[in-house]
Undergrad: 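My questions all concern the structure below.
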Amino acid sequence: MSNYDSLNDCQRQAVFHTEGPLLLLAGAGSGKTRVLTHRIAYLIEEKEVNPWNILAITFTNKAAGEMRERVDQIVGFGSDGVWVSTFHSMCVRILRRFADRLGYGTNFTIYDGDDQKTLMKDICKRLEIDTKVYKEKMFLAAISHQKDELRGPIEYETQVFGDFTKRKICDVYKEYQATLKRNNAMDFDDLIVKTVELFRTCPDVLEYYQDRFRYIMVDEYQDTNTAQFKLVSILADKYRNLCVVGDDDQSIYKFRGANIENILNFEKDFEDATVIKLEQNYRSTQNILDAANGVISHNIGRKEKALWTENERGEQITVRQCMTSFEEADYVTADIRRRKNKGEFDYKDCAILYRTNAQSRLFEEKLLMANIPYKLVGGINFYARKEIKDLLCYLKTVDNAKDDLAVRRIINIPKRGIGAASLAKVQNYAVDRDISFYDALKDAANIVSLGRAVAKIEPFVTFIQTLRSQAEFYSVHELLQSIIDMTGYVTELQAEGTDEAKARIENIDELISKIVTYEESTKEPSLSGFLEEVALVADIDDQDEDSNHVVLMTLHSAKGLEFPNVYLTGLEEGVFPGYASINADDPDELEEERRLCYVGITRAMKRLTITCAKQRMVRGETQYYPISRFIREIPIRLVQTGREQVKTEQPAKKMPDVHSPYMQAKKAFKSKAFDPNQFRVKKADSLDYTVGDQVRHIKFGVGTVENIIDGGKDYEVTVNFEKVGVKKMFAAFAKLKKV
DNA sequence: AGACAAGGTATTTTT
DNA sequence: TACCTTGTCT
């Protein structure tokens with residue numbers, strides 16, 4: 001039995017409002033997941049709604065898992081009837097049943113980003129498109145955008161007119177879609193698009209699901225795109241019991257087609273919608289909340305909200321500017337260790353957040369050296385690793401040989417001496433006869449042009465056929481073991497003996513245990529079932545709650561989580577906000593970065609540390625970055641800069657020169673921190689060189705000054721170096737000497 | 001056909 | 001810096 005008294009007024013109102021459309025505007029940390037779970041409990045316990053009739057949609061598997069757990073906890077018996085699912089897995093479930101209505105096999109495969117890229121490369125070759133001019137990525141992005149808006153190739157064609165590039169995209173789109181269908185495959189976007197298509201073309205199917213899902217809830221509504229919005233509104237059209245929860249300030253997936261307008265559209269599409277705002281924050285201290293509000297208030301296009309809390313004011317926010325990114329990592333590592341030793345925080349209370357995945361490496365290194373356990377979330381997807389994909393493609397091939405991509409991936413793994421030339425011949429044969437690649441392989445003996453290569457292909461086909469017959473009486477993990485044994489995959493890695501090879505073997509072991517777990521936890525385990533589950537999983541969701549480790553992740557993956565002690569790192573103009581968003585024509589790109597910053601700040605419960613570095617290695621080059629504008633947007637009274645130099649692992653190599661630009665900047669930083677005007681490296685009164693002069697740079701050598709811009713805080717000097725070409729740099733940092 | 005070297009290019013963010 | 005593509009040599 002759940003206790004509704006523990007909810008505040010607004011929350012309770014939201015829980016009790018079960019009939020008709022409801023828009024819940026829930027600020028960060030306002031307990032929205034609690035509301036959703038209590039709402040589900042209320043529907044079942046008080047309204048006697050059959051759990052079977054309830055659908056809760058979240059965005060990530062992580063969120064779905066968490067919600068599932070909490071629903072189970074609060075509802076107890078009978079809760080497993082409730083569908084708690086991501087958009088994508090919900091669609092897969094529906095399509096597995098009805099995809100045949102759209103001309104697909106119900107055993108279709110799902111293509112991930114890598115598969116899409118491979119496919120696109122193929123198509124560009126087929127259509128004789130020069131990928132130097134038109135990048136595969138560009139086509140994929142364009143197609144994905146169209147799908148987000150529910151426009152198929154036919155609909156897109158009407159928009160082409162005379163535009164040459166659009167014409168090309170359209171041709172590629174058509175071919176891409178046709179190939180997917182031929183391969184009996186769908187990409188991630190298709191899962192949504194095809195489900196909508198299914199509902200639009202098959203009223204009986206639609207009605208079935210409308211009747212089934214009489215109560216629908218959508219979490220993270222601000223991240224839905226048009227297609228997802230359409231999907232939900234069609235489903236809810238009959239009973240109109242749709243509850244969406246979102247926060248426009250936390251919309252951070254515009255780049256993926258998320259449409260903030262959906263929040264506004266909701267009130268348009270459902271005119272009778274009730275709107276409830278949740279504004280009390282239960283997560284963070286007053287200081288952290290004030291900082292977050294300070295930053296987000298700089299966004300223009302937002303709904304005004306007043307997030308408040310009854311929590312104590314808490315500690316000030318630490319802001320730390322380091323000289324280099326290495327020092328930044330040292331600082332964070334040392335700080336974590338210090339607080340752990342003091343007993344203030346456990347490792348698992350700490351999270352290090354950053355803008356891009358590439359930034360994780362430094363922290364990993366330092367944590368490793370300091371012997372602090374950590375866990376990296378995201379990054380290279382477990383299932384995207386080469387060794388895992390190889391083996392999965394074997395399983396896929398055994399399961400459904402219509403997936404050409406999988407077959408082609410493994411045909412030469414291990415090396416079977418089948419080269420590109422032979423593959424092309426098989427491919428042609430397959431296209432001519434309109435059969436799958438694998439079927440063409442089976443027919444190899446009849447492909448005259450192949451010649452001797454036939455002898456190499458035939459054993460492969462026999463091998464796969466053998467596996468197929470095994471699949472009937474082997475369990476999935478036995479089948480995989482058989483593949484590993486027969487291909488000598490692991491043996492080959494063992495022979496290699498490198499650390500990397502060992503790590504790969506460990507990953508393979510991990511895969512085997514995952515399969516075993518799957519088989520133990522599923523009623524009717526099957527090869528297809530396992531592959532399906534795997535296709536939609538982003539990263540290993542081993543949330544070993546008991547193990548105690550620091551968490552490293554991007555700001556994006558941090559959404560929806562909370563940590564007592566958060567480190568927000570790399571707050572530099574050019575890193576966060578990223579270079580691209582600063583230079584974008586669309587000012588909303590910067591606003592999205594700011595929302596991302598807001599998300600980051602509001603992850604913190606008790607302590608927040610913000611760090612940045614003056615000097616950072618990016619793509620192997622040292623770059624100089626000014627402090628992020630987001631730091632300046634935090635009211636100064638909330639901030640402490642931490643005067644004490646934290647001891648780092650390596651002793652300083654040399655006494656810093658007090659007159660160096662760094663020391664000057666440091667002085668400026670410490671004395672009058674957070675007056676925006678003081679956030680500057682000390683600008684030289686004048687430069688001893690001008691445009692046209694020859695200057696020498698410590699690393700780049702000699703070059704000619706092309707331009708000097710007085711940027712207010714420093715001179716931005718453009719120099720054309722003889723060896724490395726044109727570089728822009730700040731005078732105070734670059735230490736240019738006239739020659 | 002496969003191994004290896006050289007050169008070019010890329011960085012947001014994720015289901 | 002690190003990966004991936006391309007070209008060359010065996």
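Numbered from 1 within each chain, the chains take letters A, B, ... in sequence-line order.
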Undergrad: What class does the angle between the rings of A/Tyr253 and A/Phe59 fall in, given that below 30° is parallel, 30 to 60° is tilted and above 60° is perpendicular?
TA: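 Answer is parallel, since the angle falls under 30°.
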
Undergrad: Which is true for A/Lys254 with a 4.0 Å heavy-atom rule: it touches a base, it touches only sugar-phosphate, or it touches nothing?
TA: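 No contact.
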
Undergrad: Within the structure shown, what part of the strands sits under 4.0 Å from A/Tyr579 by heavy-atom distance: base, sugar-phosphate, or nothing?
TA: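 Nothing: the residue A/Tyr579, judged by heavy atoms under 4.0 Å, touches no strand.
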
Undergrad: From NZ of A/Lys121 over to C1' of C/dT6, roughly how many Å is that when rounded to an integer?
TA: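 Roughly 12 Å, once rounded to whole Å.
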
Undergrad: With a non-hydrogen cut-off below 4.0 angstrom, is A/Ser144 in contact with a base, only sugar-phosphate, or nothing?
TA: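 No contact.
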
Undergrad: Within this structure, what is the NZ-to-C1' distance between A/Lys117 and C/dT5, rounded to whole angstrom?
TA: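 It is 11 Å, rounded to the nearest whole Å.
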
Undergrad: With DNA chain B as reference, determine whether A/Ser581 or A/Asn412 sits nearer its 5' end, using the nearest nucleotide of each.
TA: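 First, find each residue's nearest nucleotide; the 5'-ward one identifies A/Asn412.
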
Undergrad: Please state the C1' separation for the pair C/dT6 and B/dT11 - nearest whole angstrom.
TA: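 Nearest-Å result for C/dT6 against B/dT11 at atom C1': 22 Å.
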
Undergrad: By nearest atom, which of the nucleotides B/dA1, B/dA10, B/dT15 is closest to the A/Lys135 side chain?
TA: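 Of the options given, the side chain of A/Lys135 lies nearest B/dA10.
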
Undergrad: At under 4.0 Å between heavy atoms, what does A/Arg361 touch on the DNA or RNA strands: base, sugar-phosphate, or nothing?
TA: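 It contacts sugar-phosphate atoms only.
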
Undergrad: Any donor-acceptor pair under 3.5 Å linking the side-chain atoms of A/Gln177 with those of A/Asp190?
TA: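 Indeed, the side chains of A/Asp190 and A/Gln177 share at least one donor-acceptor pair under 3.5 Å.
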
Undergrad: Side-chain N or O of A/Ser422 less than 4.0 angstrom from OP1 or OP2 on B/dA1?
TA: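 Yes.
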
Undergrad: Going by distance alone, is a donor N or O of one side chain under 3.5 Å from an acceptor N or O of the other, for A/Thr611 and A/Glu328?
TA: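 On atom types as modelled, these side chains qualify, holding a pair under 3.5 Å.
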
Undergrad: For A/Phe255 and B/dT13, say yes or no: do the ring centres fall under 5.5 Å of each other while the ring planes differ by less than 30°?
TA: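 Per 5.5 Å and 30° rule: yes, stacked.
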
Undergrad: Do A/Asp187 and A/Lys194 meet the salt-bridge criterion of a basic N to acidic O distance under 4.0 Å?
TA: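 No salt bridge links A/Lys194 with A/Asp187.
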
Undergrad: Identify whether any heavy atom of A/Phe576 sits under 4.0 Å from a base atom; if not, whether one sits that close to sugar-phosphate; answer base, sugar-phosphate or nothing.
TA: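 Contact class for A/Phe576: none.
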
Undergrad: Check A/Asp249, A/Asp247, A/Asp248 against A/Arg302 for a salt bridge (charged side-chain N to carboxylate O under 4.0 Å, His left out) and give me the one that passes.
TA: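 Filter result, single survivor: A/Asp249.
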
Undergrad: Which of these nucleotides, B/dT11, C/dT1, B/dT15, is closest to any side-chain atom of A/Phe188?
TA: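 Closest nucleotide to the A/Phe188 side chain: B/dT15.
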
Undergrad: Categorize A/Asn357 for me: base, sugar-phosphate, or nothing, with a 4.0 angstrom heavy-atom threshold over every strand shown.
TA: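 Touches sugar-phosphate only.
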
Undergrad: Please tell me if A/Ser557 has a side-chain N or O lying less than 4.0 Å from either OP1 or OP2 of B/dT14.
TA: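 Indeed, a polar side-chain atom of A/Ser557 lies that close.
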
Undergrad: Name the residue closer to the 5' end of DNA chain B, choosing between A/Thr554 and A/Lys456 according to the nucleotide with the nearest heavy atom.
TA: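 So the residue in question is A/Lys456.
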
Undergrad: From the list B/dT13, B/dA1, C/dT1, which nucleotide is the closest neighbour of the side chain of A/Thr356?
TA: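 Out of B/dT13, B/dA1, C/dT1, the nucleotide with an atom closest to A/Thr356's side chain is B/dT13.
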
Undergrad: Rounded off to whole Å, could you give me the CG-to-P distance for the A/Leu140 and B/dT14 pair?
TA: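 In whole Å, B/dT14 P lies 17 Å from A/Leu140 CG.
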
Undergrad: Round to the nearest Å and state the distance from A/Met138 atom CE to B/dA10 atom P.
TA: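 Roughly 14 Å, once rounded to whole Å.
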
Undergrad: Hey, does A/Ser89 reach any base, or is it just sugar-phosphate, or nothing, if we go heavy atoms under 4.0 Å?
TA: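 Counting heavy atoms under 4.0 Å across all strands, no contact is made by A/Ser89.
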
Undergrad: In this structure, how many angstroms lie between the P atom of B/dT14 and the CD atom of A/Gln222, rounded?
TA: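 Taking CD of A/Gln222 and P of B/dT14, I get 16 Å after rounding.
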
Undergrad: Can you check the distance between B/dT13 and C/dC4, where both ends of the measurement are the C1' atom (answer in whole Å)?
TA: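 Pairwise C1' distance, B/dT13 against C/dC4, rounds to 22 Å.
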
Undergrad: Rounded off to whole Å, could you give me the OH-to-P distance for the A/Tyr253 and B/dT13 pair?
TA: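 After rounding, the gap between these two atoms is 11 Å.
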
Undergrad: Quick one: which of C/dT1, B/dT15, B/dG2 gets closest to the side chain of A/Met617?
TA: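 For the A/Met617 side chain, the nearest candidate turns out to be C/dT1.
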
Undergrad: Starting at atom CD1 of A/Ile192, determine the distance to atom P of B/dT15, rounded to an integer number of angstrom.
TA: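 A/Ile192 atom CD1 is separated from B/dT15 atom P by 13 Å.
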
Undergrad: Using only side-chain N and O atoms of A/Lys137, determine if any of them is under 4.0 Å from OP1 or OP2 of B/dT11.
TA: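 For B/dT11, OP1 or OP2 has a side-chain N or O of A/Lys137 closer than 4.0 Å.
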
Undergrad: Before accepting this row, confirm whether a basic side-chain N of the pair A/Lys32/A/Glu220 lies closer than 4.0 Å to the acidic partner's carboxylate O.
TA: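 Looking at A/Glu220 together with A/Lys32, the answer is yes, because their closest N to O distance falls below 4.0 Å.
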
Undergrad: Between A/Lys389 and A/Asp115, does any side-chain N to carboxylate O distance fall below 4.0 Å?
TA: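 Answer for the salt bridge query: yes.
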
Undergrad: To the nearest angstrom, how far is A/Lys147 atom NZ from B/dT15 atom P?
TA: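 My rounded result for the distance is 18 Å.
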
